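Atoms considered below: every heavy atom in the structure, side chains included; atoms not considered: hydrogens, waters and symmetry mates. Since the model is a prediction, treat every value here as computed from it, not as a measurement. Within every chain, numbering begins at 1; the chains are lettered A, B, ... in the order of the sequence lines, protein sequences first and strands thereafter.
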Amino acid sequence: MPELPEVETTRRGIAGRLTGAAICEVIVRNPKLRWPVPGNLDEILAGQTLQAIERRAKYLLFRFKHGTLIVHLGMSGSLRVLSTDTPVEKHEHIDLVFSNGQRLRYRDPRRFGAFQWTVEPPEKHPLLCKLAPEPLSGEFNTDYLAKALAGKKIAIKPAIMDQHLVVGVGNIYASEALFRAGIVPQRPANRLSAEEILRLVDAIRAVLKEAIAAGGSTLRDYVDSDGNAGYFTVNSYVYGLAGKPCRVCGSPIQTLRQGQRATFWCPHCQH
DNA sequence: AGGAAAACCTGCGTGC
DNA sequence: TGCACGCAGGTTTTCC
């Protein structure tokens, strides 16, 4: 579920409370995520102090002196900081228990998420080493994107969802970014003009930044919140609005499927 | 080798 | 009410 803004919002919501705190116990109720959760995670982390929580693409990196816990929320994962005695509900698979009485709880109904441990620099980890540049960094610019799209015959929408091309853009923000850039989602990636590539770079940046800002404005209650910490409603132009009038021109929003994912677009505003 | 499809899971809404 | 079906904001693996 979460795309870059939701992951970043989650990070900001939990980092302030947990950074510098020591872990006293790790409870894994169900280790069956995307890959098995390491069976000795409690031994690895008990007594260790959390140095920082960083983000790379849609991964959260929990940094410790002796290694990094790599966390991915998959489609349905979420993290909440709770007080120690909060009852466990269904699909709440993992708790990081801190000695200051706080508890970071991972919930993930579909279990597409991941908890992996590495002692190597995380950027060397197989899951991270091939990731594209961060879209909000200077590395992601028109020169980069032009080169990355050259020779790619696939449609531009699945292309920008490819984490080896640019990270952080998922199914919602892909449609939203292409709407803002005025580009039809089915266009072959290698047929974009220089001007369109520029608009797309700007649109991806703008959409993600606005969503992070929207998430930040809903950041409040990470302790005993309603279970949706890190999630917030997006003020979308096209996503989920099939048949509704376009907010810009009034034409009905169209929908199609690309690579078994729903795509939304405006046939009048996008070319 | 690029690109499409299947695979991993559970829950929810819809329609019969 | 019950059940089948399709769909859900991700990514790896498999298959052509």
Side-chain angles (χ1 to χ4, degrees), chain A residues 1-11 29-37 55-60 70-79 89-94 106-116 125-132 135 147-179 185-191 204 207-212 214-215 218 227-243 255-265:
Chain A
M1 242 155 119
E3 304 185 32
L4 185 150
E6 289 77 14
V7 177
E8 177 61 20
T9 299
T10 297
R11 189 192 71 77
R29 294 179 203 84
N30 185 351
K32 294 184 206 163
L33 300 187
R34 186 71 166 76
W35 300 279
V37 178
R55 181 190 56 74
R56 172 74 173 106
K58 299 172 191 171
Y59 293 90
L60 287 170
I70 301 173
V71 173
H72 198 289
L73 302 178
M75 289 277 266
S76 57
S78 61
L79 289 165
E89 292 177 20
K90 204 175 177 185
H91 305 307
E92 297 185 333
H93 307 306
I94 300 172
Y106 178 69
R107 173 189 143 92
D108 186 0
R110 293 178 75 179
R111 288 189 279 115
F112 289 168
F115 270 60
Q116 295 285 283
H125 191 276
L127 288 173
L128 306 188
C129 66
K130 298 206 167 144
L131 290 173
K147 287 194 178 105
L149 295 180
K152 288 229 170 254
K153 294 181 179 172
I154 65 164
I156 188 62
K157 195 255 191 172
I160 60 174
M161 291 176 65
D162 180 350
Q163 305 297 297
H164 305 302
L165 226 150
V166 55
V167 303
V169 179
N171 201 39
I172 291 180
Y173 300 122
S175 283
E176 292 297 314
L178 287 168
F179 173 81
Q186 304 96 311
R187 287 271 297 284
N190 61 1
R191 298 277 182 74
I204 288 172
V207 158
L208 297 178
K209 276 187 189 168
E210 284 175 34
I212 290 171
T218 67
N228 282 324
Y231 291 70
F232 41 91
T233 46
V234 181
N235 194 9
S236 74
Y237 282 89
V238 289
Y239 185 83
L241 300 178
T255 184
L256 76 151
R257 293 193 81 75
Q258 292 179 291
Q260 61 223 117
R261 311 303 299 275
T263 299
F264 300 85
W265 58 292

Looking at dG2(B), I'd like to know if its phosphate oxygens (OP1 or OP2) sit under 4.0 Å from a side-chain N or O belonging to K153(A).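 The answer is no; no side-chain N or O of K153(A) sits under 4.0 Å from OP1 or OP2.
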
Mind telling me whether H72(A) and Y59(A) have parallel, tilted or perpendicular rings, with 30° and 60° as the class edges?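 It falls in the perpendicular class, over 60°.
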
In the structure I gave you, are the side-chain heavy atoms of Y173(A) and L4(A) within less than 4.5 Å of one another anywhere?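 Result no, sub-4.5 Å side-chain heavy-atom pair not found.
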
V37(A) side chain reached by N30(A) side chain, heavy atoms, under 4.5 Å: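 The answer is no; the side chains never approach within 4.5 Å.
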
Write down the distance between [atom1] ([X]) and [atom2] ([N]), rounded to a whole number of angstrom.
X	N	atom1	atom2	value
R257(A)	dG6(C)	CZ	C1'	9 Å
M75(A)	dC7(C)	CE	P	13 Å
I154(A)	dA1(B)	CD1	C1'	13 Å
L165(A)	dG2(B)	CG	P	12 Å
Q258(A)	dA4(B)	CD	C1'	13 Å
R56(A)	dG10(C)	CZ	P	17 Å
L73(A)	dG10(C)	CG	P	11 Å
Q260(A)	dG3(B)	CD	P	16 Å

For [Y], does its backbone N or O pair with a side-chain atom of [X] as donor and acceptor, under 3.5 Å?
X	Y	result
Q258(A)	A155(A)	no
N171(A)	A262(A)	yes
E176(A)	V207(A)	no
T263(A)	R257(A)	no
E6(A)	I212(A)	no

What's the gap between dT12(C) and dG11(B) when it is taken at their P atoms, as a whole Å value?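 About 25 Å, rounded to a whole number of Å.
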
Taking the P atom of each, how far is dG6(C) from dA6(B), in whole Å?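 Their P atoms lie roughly 13 Å apart.
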
Count the heavy atoms belonging to other residues, nucleotides or ligands that lie under 6.0 Å from CZ of R191(A), then report whether that count exceeds 12.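 No - once you tally the heavy atoms of other residues, nucleotides and ligands closer than 6.0 Å, there are 12 at most.
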
Mind listing the closest non-hydrogen atom pair of V166(A) and P135(A) along with its distance?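 Heavy atoms only, the tightest pair is CG2-CB, 3.9 Å.
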
Search all heavy atoms of R111(A) against all heavy atoms of S76(A) and return the closest pair with its distance.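 Looking at all heavy atoms of both residues, the closest pair is N-OG, 4.3 Å.
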
Quick one: which protein N/O atoms are closer than 3.5 Å to N/O atoms of nucleotides 9-13 of chain B? Pair and distance per line, please.
residue, atom, partner, partner atom, Å
dC9(B), O3', R111(A), NH2, 2.8
dC9(B), O2, R110(A), NE, 3.0
dT10(B), OP1, R111(A), NH2, 3.0
dT10(B), O4', P109(A), O, 3.3
dT10(B), O3', H91(A), NE2, 3.1
dG11(B), OP1, K90(A), NZ, 2.9
dG11(B), OP1, H91(A), NE2, 2.5

For A262(A), report the nucleic acid contact type (base, sugar-phosphate, nothing); a contact means any heavy atom under 4.0 Å.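 The answer is sugar-phosphate, as A262(A) gets under 4.0 Å only of primed atoms, P, OP1 or OP2.
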
Dot-bracket encoding of pairs in DNA chain B, which uses [ ] for pseudoknotted crossings and | for another strand, Watson-Crick or G-U under 3.5 angstrom: .|||||||.|||||||

Interatomic distance, I70(A) atom CD1 to R56(A) atom CZ [nearest 0.5 angstrom]: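 One gets 11.5 Å once the value is rounded to the nearest 0.5 Å.
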
Scoring nucleotides 11-16 of chain C by protein non-hydrogen atoms under 4.0 Å (B base, S sugar-phosphate only, - none) yields BB----

